[in-house]
Each structure stands twice: as C-alpha cells, then as structure tokens.
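Shown next, in structure tokens, is the structure this report addresses.
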Amino acid sequence: MSEFQKQVTKQEGKDKKVQRKAIGKIATMLERNGIDLDEVGTISRISLYQTVTKNEDGEAEHHDLYGIQISPSWENGPEWDVINQSSPIKLQPSKATRKQSEWSTAVVLPDMQIGYFRRSDGELEPTHDESAINVALEIIKDIKPTQVVMVGDNLDLPNFGKYRLSPAFAQTTQASIDRATMLCAQLRSIVPDARIIWIAGNHEERMPNYILDNASAAFGLKQGNKPDSFPVISVPFLCRFEDYSIEYLAGYPTGTHWITERLRVIHGNKVASNGSTAHKYLASEKTSVIYGHIHRREWAERTREDYDGPKTVLAASPGCLSRIDGAVPSTKGSVDLDGRPLTVVEDWQQGIAVIPYHQKSGEFVYEQIAIRNSWAMWRGKEYKG
C-alpha cells in the first residue's frame with residue numbers, strides 16, 4: 001500500500017469516528033429534548049460545523065456544533081396501507097348482444113257472443129260476460145303476446161239467425177256492433193304490435209246469409225271507388241277492422257289460422273253434446289287443433305305411429321267468454337212471459353288459452369286458463385274482472 005493510500009484510509013477512519021460521534025451526540029440531543037427515536041420519521045438534513053470561543057485564561061477552545069432537520073413519523077401518515085379509490089379501469093365493451101328468445105306467445109279468445117237484450121226498464125243487458133272479458137284483457141296485458149286469435153262467434157247477432165226470438169232482443173244489433181268495435185280498440189291499445197286475427201264463426205256468418213236470403217241485391221255492396229274494401233254490410237266493415245288492423249278470416253267453417261305448422265285454430269263445426277268433442281277431432285285431424293263453438297273447456301291428446309316415430313296430436317277448446325247462465329239464446333234456454341231469458345244451468349265453462357310457440361321448429365305448449373265467477377289465476381297471479 002502506498003503512502004497516499006495509507007493517508008486516505010486513515011482519514012476515512014477518522015471521518016467514520018466523527019460520524020459515529022456525531023450520530024451519538026444527535027441521539028443524546030434528541031433524548032435531552034424529549035424526542036422519542038420511534039417518533040422520528042425522516043432525517044432530511046444534518047449539518048456539522050465548529051465554533052471557537054475563549055476561556056477565562058484567554059485561550060481558544062474549539063466546539064463541535066450539529067444541526068439536524070427531521071420530520072415526525074405522524075407527518076407521513078400511518079404505517080399501514082390506506083384504503084384508496086381504485087385506479088380507473090377501462091374495458092372494451094362486449095360486442096355480443098342479448099339474444100332474443102326464439103319463442104313467441106299466442107293468446108286464443110273463444111266465443112264471446114257479444115249481444116244484448118232489453119230488461120223491463122228498457123235498459124240493455126249483455127249476453128256476453130263483461131267481467132270474463134276484462135279478466136282476459138288483463139291477462140293479455142301482462143303476457144304481451146305476439147298474436148291474439150279470436151275463434152269466432154264473438155258477435156251473437158240473434159236478429160240475423162233462423163231461430164224465433166222475443167221482442168226483448170229487437171233493435172240491439174247496433175249496441176252489439178259498438179261493443180265489438182270497442183273490443184277491437186281495447187285489444188289494439190293493449191298489444192299495439194301484435195297480430196290480431198278474428199276467425200268467422202257461424203254467428204258472424206249469420207249476417208251475409210241474412211242479406212242473401214232477404215236482400216240479395218245488397219249483398220257485397222262496397223263504398224264507392226273502393227273495390228278492395230270490406231262490404232258495407234259486414235262484420236269487419238261495421239266494426240272498423242281496418243282502423244285497428246284486425247285480420248278477418250271469412251268463410252265459416254273453412255277459416256283457419258296456423259299458429260305453427262303443427263297447430264291450427266278454427267271455429268269448428270263438430271259437437272258431441274253428451275261426450276267429448278275433442279275426440280271427434282282427434283279421429284280425423286292429422287295436426288293439433290284448437291277450436292271453439294261448443295263453449296266447453298276440453299283437452300285431449302292421442303299418440304300414433306308415424307314415419308319419424310311417435311306423433312302426438314292435441315285437440316282442445318278453451319271454453320267461452322259469454323255468459324253461461326242462460327242469457328245467450330240457445331236450444332237449452334228459455335224466456336219468461338215478457339220474452340226475457342231465464343236463468344238456466346248451461347254445460348259451458350269460461351276460459352282462454354295461452355300458447356308459447358317456436359316458429360322454426362313448430363313446437364308449442366298449450367296452457368288453458370279457467371275463468372270462474374270473474375276470477376282466474378295464471379302463474380301465481382290472480383285476475384279479477
């Protein structure tokens with residue numbers, strides 16, 4: 001080791017001694033001033049310098065002085081991690097959209113028999129059941145179906161029929177037309193985007209038949225210069241079907257609406273008064289069918305061998321939305337001496353049908369909702385007319 005290196009090492013040793021001495025004196029100074037070392041956060045600056053004073057004998061004395069700049073530990077905050085707001089996160093929005101259901105829903109409304117007779121006080125009393133119709137409308141409002149299918153006989157039109165009627169039913173057709181028009185408006189307001197199909201039943205067919213039999217020159221007359229419009233003496237014209245986009249399937253009993261390729265809706269012309277009308281249809285139908293006309297709730301199925309395997313066919317009637325207490329003129333009904341309907345027990349039941357269906361596959365589910373005394377329950381919810 002050279003002499004120079006020895007001098008440097010010697011000086012470094014002196015410096016370290018001075019630093020250790022200084023640190024010791026700083027610790028003593030902090031302690032003397034009542035500062036706990038644990039309370040010292042950071043030491044930002046240390047100054048070492050000397051000063052000279054004279055003693056009593058006039059001799060010079062050297063004094064080492066120290067300056068220290070510290071920050072207390074509490075100034076920097078607590079030592080544990082503080083809960084802070086998380087950093088901003090920006091993710092790319094997903095390009096996937098919510099897949100709409102491929103299932104739709106149809107509601108089938110059976111025979112309403114909209115009509116009136118006059119009470120002894122001259123007021124009109126309906127033969128249709130307003131409460132049952134209101135229950136059906138409330139259910140439709142909740143379901144929001146893509147189709148509403150009316151199976152026919154929505155108008156009773158007794159004055160156009162071939163059976164003898166009492167004067168109590170005279171001059172009630174206009175009120176019936178007005179109520180049916182209101183029904184169209186109600187349905188369109190509840191389901192503004194749905195298809196609404198009105199299938200002609202044998203009671204709607206009474207009107208054109210009456211014109212043919214009694215005023216054939218007026219049959220088929222239309223508004224001037226409107227060759228594609230409905231005849232002016234017809235249910236769809238009088239009830240303003242064009243105003244409410246109601247589809248009309250004329251030509252009872254051939255009117256047919258297919259909900260899917262496996263399920264069709266008709267008014268129907270079969271009746272088994274003392275048995276099952278559903279089995280009459282099953283004996284001849286190759287596809288499932290929903291029908292009206294009989295005013296009874298029925299539901300039957302049969303499974304047969306087919307080329308592709310077992311095939312199940314359904315035949316069902318949702319019932320009716322007319323009164324079931326004898327108010328509707330029928331073969332079983334009767335009237336008092338003033339020609340007004342008497343109360344009788346009809347073998348009729350009220351209800352509607354709800355059908356979820358898959359248009360591509362043709363699959364469907366038949367759900368029958370019974371209406372009793374202006375009350376129904378569907379999927380846990382009560383409906384009262």
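Linking Ile, Leu, Val, Met, Phe, Trp and Tyr residues whenever their side-chain heavy atoms come within less than 4.5 Å places Val135 and Leu183 in a single cluster. Ile133 and Val108 fall into different hydrophobic clusters, where Ile, Leu, Val, Met, Phe, Trp and Tyr are joined by side-chain heavy atoms under 4.5 Å apart, directly or via other members. Hydrophobic clustering (side-chain heavy atoms under 4.5 Å, transitive across Ile, Leu, Val, Met, Phe, Trp, Tyr) groups Tyr248 together with Val232. Under the 4.5 Å side-chain contact rule for hydrophobic residues, Leu314 and Val151 share a cluster.
Heavy-atom minimum distance, Ala376 versus Ile139: CB-CD1, 4.5 Å. Between Thr105 and Pro145, the closest heavy-atom pair is O-CB, 3.3 Å. Considering every non-hydrogen atom in both Ser131 and Ser374, the closest pair reads CB-OG, 3.0 Å. The shortest heavy-atom contact between Ala353 and Tyr366 is CB-CE1, 3.6 Å. The two residues Val149 and His257 come nearest to each other via the heavy atoms CG2-CD2, 3.6 Å. Closest heavy-atom contact between Ala300 and Ala278: CB-CB, 3.7 Å.
Taking CH2 of Trp348 as the reference point, atom CD of Gln113 lies at 6.5 Å (rounded to 0.5 Å). Atom NE2 of His279 and atom NZ of Lys270 lie 14.0 Å apart (nearest 0.5 Å). Taken from OG in Ser361 to CD in Glu261, the straight-line distance is 8.0 Å, to the nearest 0.5 Å. Here the CZ-OG1 distance, from Arg262 to Thr287, works out to 11.0 Å after rounding to the nearest 0.5 Å. One finds the CZ atom of Arg296 at 5.5 Å from the CG atom of Asp347 (value rounded to the nearest 0.5 Å). Separation of atoms CD1 (Ile199) and CG (Leu249) is listed at 5.5 Å; rounding is to 0.5 Å.
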Next item on the list: Apply the test side chain to side chain contact (heavy atoms under 4.5 Å, CB included) to residues Leu155 and Ile114: give CA-CA distance (whole Å), side-chain angles for both, the deciding distance (0.1 Å), then the verdict.
Entry: CA-CA 4 Å; Leu155 281 162; Ile114 293 175; 4.2 Å; yes
Item checked: Working for side chain to side chain contact (heavy atoms under 4.5 Å, CB included), residues Met112 and Asp153 -> CA-CA 6 Å; Met112 299 184 192; Asp153 284 5; over 6 Å; no
Item checked: Trace of the side chain to side chain contact (heavy atoms under 4.5 Å, CB included) decision for His295 with Ile324 -> CA-CA 9 Å; His295 295 198; Ile324 58 177; over 6 Å; no
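Sorted by first and then second residue, the side-chain hydrogen bond (donor to acceptor under 3.5 Å, both in side chains) pairs with a member in residues 190-204 read Asp156-His203, Arg195-Glu247, Trp198-Glu204, Asn202-His267, Asn202-His293, His203-Arg206; sequence neighbours excluded. The ring pair (Phe, Tyr, Trp, His ring centres under 6.0 Å) contacts involving residues 205-239 comprise Phe160-Tyr210, where partners must be two or more places apart or lie in separate chains. The stretch residues 220-238 participates, sequence neighbours left out, in no side-chain hydrogen bond (donor to acceptor under 3.5 Å, both in side chains) pair at all. Applying the side-chain hydrogen bond (donor to acceptor under 3.5 Å, both in side chains) test to residues at least two apart or on different chains, the pairs with a partner in residues 316-338 are Glu125-Arg323, Arg323-Asp325, Ser330-Glu346.
Looking at residues two or more places apart in sequence or on another chain, you find no side chain to side chain contact (heavy atoms under 4.5 Å, CB included) involving Glu305. The side chain to side chain contact (heavy atoms under 4.5 Å, CB included) search around Glu367 returns Val354, Pro356, Val365, Trp378, Arg379, not counting sequence neighbours. The side chain to side chain contact (heavy atoms under 4.5 Å, CB included) test applied to Leu263 returns Ile259, Thr260, Ser288, Ile290, Ile355, Phe364, not counting sequence neighbours.
In this structure, the side chain of Arg297 engages the main chain of Gln350 through a donor-acceptor pair within 3.5 Å. Not one N or O on the side chain of Arg179 forms a donor-acceptor pair closer than 3.5 Å with the backbone of Gly115.
Tyr252 belongs to no hydrophobic cluster with other residues, because no ILVMFWY side-chain heavy atom falls under 4.5 Å from its own, directly or through intermediates. Apart from Met377 itself, the hydrophobic cluster it occupies contains Trp375, where clustering links Ile, Leu, Val, Met, Phe, Trp and Tyr at side-chain heavy-atom distances under 4.5 Å. Val289 belongs to a hydrophobic cluster with Ile266, Val271, Tyr281, Tyr291, Ile294, counting contacts under 4.5 Å between side-chain heavy atoms of Ile, Leu, Val, Met, Phe, Trp and Tyr, direct or through other members. By the 4.5 Å side-chain criterion applied to Ile, Leu, Val, Met, Phe, Trp and Tyr, Tyr307 is assigned to no cluster and stands alone.
Around the CG atom of Asp121, the shell of radius 6.0 Å holds more than 12 heavy atoms that belong to other residues, nucleotides or ligands. In Arg240, the CZ atom is not crowded: 12 or fewer heavy atoms of neighbouring residues, nucleotides or ligands sit closer than 6.0 Å. By the 6.0 Å contact criterion, CG on Asn373 is open, its count of non-hydrogen atoms from other residues, nucleotides or ligands being 12 or less.
Using a 4.5 Å cut-off on side-chain heavy atoms (C-beta onward), His128 and Leu321 make no contact. Annotation: side chain of Ile371 is not in contact with side chain of Tyr383 (no heavy-atom distance under 4.5 Å). Within the 4.5 Å cutoff, the side chain of Ile140 has heavy atoms near those of the Leu109 side chain. No side-chain heavy atom of Met150 sits less than 4.5 Å from a side-chain heavy atom of Ile197. The shortest distance between side-chain heavy atoms of Gln147 and Ser104 does not fall below 4.5 Å. At a threshold of 4.5 Å between non-hydrogen side-chain atoms, the residues Trp258 and Thr256 count as touching. Tyr244 has its side chain within reach of Thr181: a pair of non-hydrogen atoms, C-beta onward, lies under 4.5 Å apart.
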Validation: residues 165-174 side-chain donor-acceptor distances under 3.5 Å, sequence neighbours left out:
from: Ser166; atom 1: OG; to: Gly339; atom 2: O; distance (Å): 2.3
from: Thr172; atom 1: OG1; to: Tyr116; atom 2: O; distance (Å): 3.4
from: Thr172; atom 1: OG1; to: Phe169; atom 2: O; distance (Å): 2.9
from: Gln174; atom 1: NE2; to: Asp178; atom 2: OD1; distance (Å): 2.9

